[in-house]
Amino acid sequence: MSQATEPGGPAEQSRMILLPIRLHENRTVEGINFVPSPWGATLAMALRGKGEDGRPWLAIANETPVSWLRVATPVPKAELEILHLQRLATDHRCSTGGELYDAIDPVAPGEDPPDIYAYVAGKKVGWELTAFSNSSRRYAQALFFEVSKRLALQQRHRIGHLTGYHISMWFGAADDPAGLPFKANKQSSYDRLIDALVAHRPDPNQFIVKGSKPPMQLTGADPVRTPDDVNFMSIPLLGGAPASGLFAMTGVSVGLAFQSDHVASQEWANLRKVVKRKDKPANNRLLISAGAPDSIGRCFVAEEVLAHFMLDHPERISANHLSSVILHFWSTGQAFELLGSEPVELWPAVYQGFNPTAHPFALST
């Protein structure tokens with residue numbers, strides 16, 4: 001992040017945020033996508049481009065899930081589906097001024113499909129619901145949650161010096177950002193990771209550069225590396241701090257730098273398989289929610305990046321029974337009809353996006 005300066009004032013300073021990413025040979029990078037946060041570190045970052053064969057690809061480098069709901073126990077599937085469908089109806093009303101349906105009637109457990117019946121002018125419409133998700137990324141995040149749990153149990157005298165920092169972490173060989181975090185039963189590996197974090201003394205000036213452009217060559221920017229092949233870097237929180245349980249307990253924010261590579265044509269093929277599974281006589285409409293909260297209230301923002309990447313490279317979706325397949329973005333409220341030769345926007349973004357709950361820093365005088 002850079003700060004503008006007045007003429008004759010001190011030189012402009014910028015702070016770099018470094019994340020590992022591996023590019024295959026003969027790939028062309030055409031752009032970058034990132035989702036910012038109120039505290040400086042990106043919630044998600046991805047590179048996009050084309051391979052040697054001309055096929056569009058996307059490489060997601062990191063992701064920090066957003067806690068949209070605070071729950072004590074997982075939300076039951078039926079309640080989560082109601083939330084997703086009602087949010088679609090709310091965004092429909094906000095954008096179009098009309099109602100998507102008059103009322104809903106959830107189907108009793110074990111009697112689906114469909115998941116929910118909606119009533120429109122006295123007609124019953126069967127809705128099936130699913131999340132736009134990436135199983136490999138969600139599995140990595142589920143494993144990484146163990147890091148947060150163990151950090152939260154540390155005493156202040158061990159981790160107090162990390163207060164006010166965001167720590168980006170990746171697992172595996174130094175040149176492989178696609179390694180998975182440890183499983184929960186790897187006690188000794190987690191002990192050594194926590195000990196490495198305790199021993200780490202962050203340098204707040206490590207990633208400051210003069211001017212608005214990054215240097216052509218970096219020095220002194222190597223990550224900390226543990227004996228179990230965990231790498232991490234720390235940067236100061238800028239502008240604010242996450243309003244999260246982990247920050248309240250530790251003063252620290254953590255994020256997983258886990259790379260996943262995606263080819264547009266393959267992602268469309270995967271989505272067609274999902275539609276085929278849901279294409280049943282009882283289902284009239286299918287809602288696919290991108291970036292919506294899961295059963296413990298977390299939104300995976302990189303999944304919205306992936307969904308937009310697919311829309312940039314549209315393909316056909318067909319069905320035998322479904323009359324509509326809607327892709328709905330949780331952060332903006334935007335919706336697309338996917339059924340047909342190519343996606344069609346049903347309504348534009350209602351919101352600019354969402355800001356994760358944060359505590360903005362007070363300005364010093």
hydrophobic_cluster_shared for Trp330 and Ile296, side chain cutoff 4.5 Å: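 As far as the 4.5 Å side-chain criterion goes, Trp330 and Ile296 are connected within one cluster.
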
Hey, any chance Phe145 and Val75 share a hydrophobic cluster, counting ILVMFWY side chains that come within less than 4.5 Å of each other, even indirectly?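 Not linked; separate clusters.
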
Is Asp105 paired with Lys124 through a side-chain N to carboxylate O contact shorter than 4.0 Å? no

Are any of the side-chain nitrogens in Glu146 or Lys186 under 4.0 Å away from the carboxylate oxygens of its partner? no

About how many Å separate OG of Ser295 and CG of Leu69, when rounded to the nearest 0.5 Å?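 The CG atom of Leu69 sits 10.5 Å away from the OG atom of Ser295.
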
Determine whether a donor-acceptor pair (N or O, by modelled atom type, separation under 3.5 Å) exists between the side chain of [X] and the backbone of [Y].
X      : Y      : value
Glu303 : Asn134 : yes
Gln141 : Pro65  : no
Arg70  : Gly297 : no

Is the OH atom of Tyr117 crowded by more than 12 outside heavy atoms at less than 6.0 Å?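 Counting neighbours around OH of Tyr117, more than 12 heavy atoms of other residues, nucleotides or ligands fall under 6.0 Å, so yes.
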
I'd like to know if the side chain of Ser133 pairs up with that of Arg138 as donor and acceptor (distance under 3.5 Å, no hydrogens or angles considered). no

Would you kindly say whether Ser324 and Glu337 are connected by a side-chain donor-acceptor distance under 3.5 Å? yes

Check whether any side-chain heavy atom of [X] sits under 4.5 Å from a side-chain heavy atom of [Y], and report yes or no.
X      : Y      : answer
Thr163 : Arg156 : yes
Leu237 : Ser253 : yes
Leu58  : Leu306 : yes
Phe361 : Trp39  : no
Val252 : Leu246 : no

Fellow cluster residues of Val120, listed by chain then number, with links counted only when side-chain atoms sit under 4.5 Å apart: Ile82, Leu85, Leu88, Leu100, Tyr101, Ile104, Ile116, Val125, Trp127, Leu129, Leu287, Ile326, Leu346, Trp347, Val350, Tyr351

Plane angle bin for Phe182 and Phe171 - parallel if under 30°, tilted between 30 and 60°, otherwise perpendicular: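 If you compare the ring of Phe171 with that of Phe182, the planes turn out perpendicular.
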
State which residues pass salt bridge (charged side-chain N to carboxylate O under 4.0 Å, His left out) with Asp195; sequence neighbours excluded, sorted by chain then number. Arg158

